[in-house]
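Working notes, structure below.
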Amino acid sequence: MSAGDRLEAAFFDRSVHEVAPELVGCTLAIGDCAGVIVETEAYDATDPACHAFGGRTARNEVLFGPPGRAYVYLSYGVHSLLNAVAEPEGSAAAVLIRALEPVAGLERMRERRGREDELCSGPGRLTEALGVGLELNGSGLDSPPFELLAPERGWGSVEVVAGPRIGITKAVELPWRYCAAGDPHVSRPRL
DNA sequence: GCCAGGATCGTCT
DNA sequence: GACGATCCTGGCG
């Protein structure tokens, strides 16, 4: 992929462990709002912390489907969390989008968030800022209202560091969290 | 500034 | 009937 290209489904049609770190630096846009992805986490079917670990159910259906779609679910009965489905159909895996650096539509984000800062520095926060709800579960990330672009100049070379995932109780030791080194928008404990 | 606790609801046992 | 891939508020020092 080259700078500014739209990410097609083929980008996601491979190991989630390749996709997750490469998503850092990409631009995610929804409607008029957009942000650069600065933090992700990988989940695959062999992983006890993955929703698909226990097998296919009505909720995690989308995880088993074709790559390049959005998997949105409700966390703690309060927050919608956004994932990008990876790996071929039948193989359940996804990348959790944990944090963005806002680059467009800041006013709209502030409006939706009801605050001036901390707009997208957390998985539940960015979905609220961008207006992502459960109704987008299963929709393609390469078609409206979504748009996903390869890193612009200057972002392609950002250093990505790996560390332990956050907010889970199973398989905590797996270093499957990726974030842009030193980025101030990364959520919670920095690496 | 830090930490503990509560909100809130769909999904699975 | 319990449990989260979380966030925010309030209380205390």
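In what follows, chains carry the letters A, B, and so on, assigned in the order in which the sequence lines appear, proteins first and then strands, with residues in each chain numbered from 1.
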Rounded off to whole Å, could you give me the [atom1]-to-[atom2] distance for the [X] and [N] pair?
| X | N | atom1 | atom2 | answer |
| --- | --- | --- | --- | --- |
| A/Arg98 | C/dA5 | CZ | C1' | 7 Å |
| A/Ile166 | C/dC7 | CD1 | P | 10 Å |
| A/Ile168 | C/dC3 | CD1 | C1' | 15 Å |
| A/Asn137 | B/dG10 | CG | P | 14 Å |
| A/Leu126 | C/dT6 | CG | C1' | 12 Å |
| A/Glu39 | C/dT6 | CD | C1' | 13 Å |
| A/His51 | B/dG10 | NE2 | P | 15 Å |

B/dG10 base stacked by A/Tyr73 (centroids within less than 5.5 Å, tilt under 30°): no

So, do [X] and [Y] sit near enough that their side-chain heavy atoms are less than 4.5 Å apart?
| X | Y | value |
| --- | --- | --- |
| A/Leu141 | A/Leu7 | no |
| A/Met109 | A/Cys120 | yes |
| A/Val85 | A/Val62 | yes |
| A/Asn137 | A/Tyr73 | no |
| A/Thr27 | A/Ile37 | no |
| A/Ser121 | A/Val38 | no |

All pairs passing side-chain hydrogen bond (donor to acceptor under 3.5 Å, both in side chains) where residues 162-171 of chain A contributes a residue, at least two apart: A/Asp47-A/Arg165

Where at least one partner belongs to residues 51-69 of chain A, residue pairs that pass side-chain hydrogen bond (donor to acceptor under 3.5 Å, both in side chains), sequence neighbours excluded: A/His51-A/Tyr71, A/Arg56-A/Glu61, A/Thr57-A/Asn60

Structure string for DNA chain B in dot-bracket form, Watson-Crick and G-U at under 3.5 Å, | interchain: |||||||.||||.

C/dC8 OP1/OP2 closer than 4.0 Å to side-chain N/O of A/Arg125: yes

Members of residues 108-116 of chain A that approach DNA chain C, where some heavy atom sits under 4.0 Å away: A/Arg113, A/Arg115

Sidechain-backbone polar pair: A/Thr40 side chain, A/Ala20 backbone, donor-acceptor under 3.5 Å: yes

Donor-acceptor contact below 3.5 Å, side chain A/Ser139 vs main chain A/Leu136: yes

Enumerate all atom pairs, one protein N or O and one N or O from nucleotides 11-13 of chain B, separated by less than 3.5 Å.
from	atom 1	to	atom 2	distance (Å)
B/dC12	OP1	A/Thr57	OG1	2.2

Salt bridge (Lys or Arg N to Asp or Glu O under 4.0 Å) between A/Glu87 and A/Arg14, intermediate numbers included: CA-CA 5 Å; A/Glu87 307 198 356; A/Arg14 52 194 172 130; over 6 Å; no

Salt bridge present between A/Arg125 and A/Glu118 (N-O < 4.0 angstrom): yes

Sidechain N-carboxylate O distance under 4.0 Å for A/Arg98, A/Glu41: yes

Worked verdict on A/Ile166 versus A/Glu39 for side-chain contact (heavy atoms from CB on, under 4.5 Å): CA-CA 11 Å; A/Ile166 295 176; A/Glu39 184 179 5; 4.2 Å; yes

Residue closer to the 5' end of DNA chain C, A/Leu82 versus A/Glu128 (nearest nucleotide): A/Leu82

Short N/O separations, protein against nucleotides 3-9 of chain B, under 3.5 angstrom:
from	atom 1	to	atom 2	distance (Å)
B/dT8	O2	A/Tyr76	O	2.4

